Amino acid sequence: MSKKNILLGITGGIAAYKMVHVASNLTKMGYQIDVVMTSSAQQFVSPLTFRSITNRSVHTDLFSESNNNEVKHISLADNTDLVMIGPATANIIGKIANGIADDLLSTIIMAVRSPVIIVPAMNVNMYNNPIVQANIKKIKEYGYQVLKPAVGILACGYEGKGRLPEPDILTEYILMNLKEKDLKDKKILVTAGPTIEKIDPVRYLSNNSSGKMGYALAKQASYRGAKVKLIAGPTNLNPPLGVQFQEIVSARQLYQAVKDSFADYDLLIMTAAVADFTPKEFSNEKIKKNAEDHLILEMKKTNDIIKELASNKKSKQKIIGFAAESDNLFENAEKKLAEKNLDMVVANDIKNNEIFGSDFTEVTILTKDNKIELNRSSKEEIADKILNLV
Ligand code: CTP
């Protein structure tokens, strides 16, 4: 990963402690974090906390000595790829809106050329104050990104809009902003997760898909600027930021949903583990245990979604399939590439690979002319590499 520099500006709000978690997330990912705290922020969290988390000095003073006689606010402004100010108080928003630069953070903001994300967090009445709202409108017009505060119980006892969003969401927002928007004009449809085929009111057939690979692809594509729709069976995952999301349950519902959307997209990525068979009939009553020692459940084939679309409905689109195989990985994957008329198959060996539920995987990518092996790495990285190849 190319190391990027991120500057976190902390101003005086009770939610300042949440930014410790953001700094920790980003430091663990390998980013270099510069923390700048106003004097009010230091009333809530000690600079030592941020220093211990980021392994770097924390900047609090416009006039303290800096390395190599650099002009501190200018070198900090020049060396950052992205700034996030959170919690952003009414005070810092008002200062930025009016070009006031009277401490280290506000001076850096006047000098910085990288994108700046402002995350307001304050009492709901302060947030709704027309002066604050006018300042927010003004800074947006100047090109600052301003996030909406979350709704909930505020530290002051009020309930309403004003909370700082959770640290993991802020982290994701930063990651999204750091990505180059090289898929900006692309529309990508991704399917993910398992399907559920109901047998009776209490039982169903499903599979081990966690949905992680599909969610990673949807997320990376969206972060790279594509317009992404994710259609997914039941999983424990939260839809990624910026992605249009539709939940389905059965293979039949997935078929319908993909068919309805397909014409609007440039690329279909089918990571969903679709049931190949579904019970011929759904039993309205719970199936009772009977005297026999076995149960015969009659099944019928579902539609092969990817094959049908690739054969009948494909115009400009590219279509990528996934193949999880326990035997003859390449032969089976090559067969799927040809028989389903796909542009690419991403093959997983489920025998030698802990793919289900893991955050890591290794895959082989097959196209008509190429075979590319991607070594074991996180599903997020694999997703990025697949998108590079596309
Ligand atoms: N697929 C699909 N519709 C189905 C079954 C699978 O669109 N009814 C898609 C999957 O999403 C995947 C690709 O086809 O992208 C290959 O899925 P896989 O289950 O490996 O292949 P099958 O055709 O079901 O063959 P088999 O289960 O016999 O390996």
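First listed ligand is number 1; within each ligand, the first listed atom is number 1. Note that this is a predicted model, so its numbers are computed, not measured.
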- Query: Do we see a donor-acceptor contact under 3.5 Å between the side chains of S40 and Q43?
  - Reply: no
- Task: May I ask you to decide whether D185 forms a salt bridge with K227, counting only side-chain N to carboxylate O separations under 4.0 Å?
- Result: no
- So, K318 and D266, do they make that salt bridge, N to O below 4.0 Å? no
- Quick note, salt bridge (Lys or Arg N to Asp or Glu O under 4.0 Å) partners involving residues 233-246, not counting sequence neighbours, are none
- Option among N312, I306, D304 that satisfies the side chain to side chain contact (heavy atoms under 4.5 Å, CB included) test with E308: N312
- For ligand 1, what are the residues with a heavy-atom contact below 4.0 Å? M270, A272, V274, A275, D276, T302, N303, D304, I305, I306, G321, F322, A323, A324, K336, K340
- Message: Looking at T271 and T191, would you say the former's side chain and the latter's main chain have a donor-acceptor pair under 3.5 Å?
- Response: yes
